[in-house]
Amino acid sequence: MRLNQNILLLGKKVVLVPYTPEHVPRPTLRPCRYHEWMKSEELRRLTASEPLTLEQEYVMQHSWQEDADKCTFIVLDAEKWQAQLGTSEESCMAGDVNLFLTDLGDPTLGEIEVMIAEPSCRGQGLGTEAVLMMMSYASL
């Protein structure tokens, strides 16, 4: 969704940033963390996701950035992100949070989902804060 393309939401535990091509880097630069997460059968089962090739992941990222009925933020671990100036977003990624508008005629209807994919970030309240921040953002 283009509406959030220049938005950064800062919480106590998480930072929400738009899902951009930076989060799905070409493998010649470094391994794609998001794609690596989605190789997990457990995560695919929990998120009802299909396995994608890396090329399909690029297409998916582009469509999610452009689609009018989806708003996606990458969830960053705020502690890691704030620890060192110049730290890449990709190295601080914990998961994502998504808002799906279920009726484009009524923007008050939708659903939110969150995925904390990074195992070391689970059970710390990052998902809860990400959902609350998305709800607050959606109500603006």
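The analysis underlying the following values was restricted to heavy atoms, covering all of them including side chains, and did not include hydrogens, waters or symmetry mates.
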ask   = Knowing that exactly one of Asp96, Asn98, Ile7 qualifies, which makes a side-chain contact (heavy atoms from CB on, under 4.5 Å) with Phe73?
value =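 Testing Phe73 for a side-chain contact (heavy atoms from CB on, under 4.5 Å) against Asp96, Asn98, Ile7 leaves exactly one candidate, Ile7.
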Which residue is it: Val97, Val75, Thr47? I am looking for the one with a side-chain contact (heavy atoms from CB on, under 4.5 Å) to Met115.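 When side-chain contact (heavy atoms from CB on, under 4.5 Å) is applied between Met115 and each of Val97, Val75, Thr47, only Thr47 qualifies.
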Distance from [X] atom [atom1] to [Y] atom [atom2], nearest 0.5 Å?
{"X": "Leu76", "Y": "Glu90", "atom1": "CG", "atom2": "CD", "answer": "10.5 Å"}
{"X": "Ser63", "Y": "Gln56", "atom1": "OG", "atom2": "CD", "answer": "11.5 Å"}
{"X": "Leu101", "Y": "Lys70", "atom1": "CG", "atom2": "NZ", "answer": "10.0 Å"}

Heavy atoms only: give me the nearest [X]-[Y] pair and the separation to one decimal.
{"X": "Gln124", "Y": "Lys13", "answer": "O-NZ, 2.8 Å"}
{"X": "Ser136", "Y": "Ser139", "answer": "O-OG, 2.8 Å"}
{"X": "Ser91", "Y": "Lys80", "answer": "O-CD, 4.5 Å"}
{"X": "Met133", "Y": "Leu10", "answer": "CE-C, 3.8 Å"}
{"X": "Val14", "Y": "Ala78", "answer": "N-CB, 3.7 Å"}
{"X": "Glu118", "Y": "Met93", "answer": "CB-O, 4.0 Å"}

request  = Please report the C-alpha distance between Ile112 and Val114 in whole Å, then the side-chain angles of each, then the deciding distance to 0.1 Å, and finally whether the side chain to side chain contact (heavy atoms under 4.5 Å, CB included) criterion is met.
outcome  = CA-CA 7 Å; Ile112 294 176; Val114 65; 5.7 Å; no
Is [Y] reachable from [X] through a run of hydrophobic residues whose side-chain heavy atoms are each under 4.5 Å from the next?
{"X": "Leu9", "Y": "Met135", "result": "yes"}
{"X": "Leu52", "Y": "Val59", "result": "no"}
{"X": "Ile74", "Y": "Leu8", "result": "yes"}

Can you check whether Thr102's main-chain N or O pairs, donor with acceptor, with Glu111's side chain at less than 3.5 Å?
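No.
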task = May I have the step-by-step check of side chain to side chain contact (heavy atoms under 4.5 Å, CB included) for Arg44 and Glu50, ending in yes or no?
result = CA-CA 6 Å; Arg44 287 197 318 269; Glu50 296 294 323; over 6 Å; no
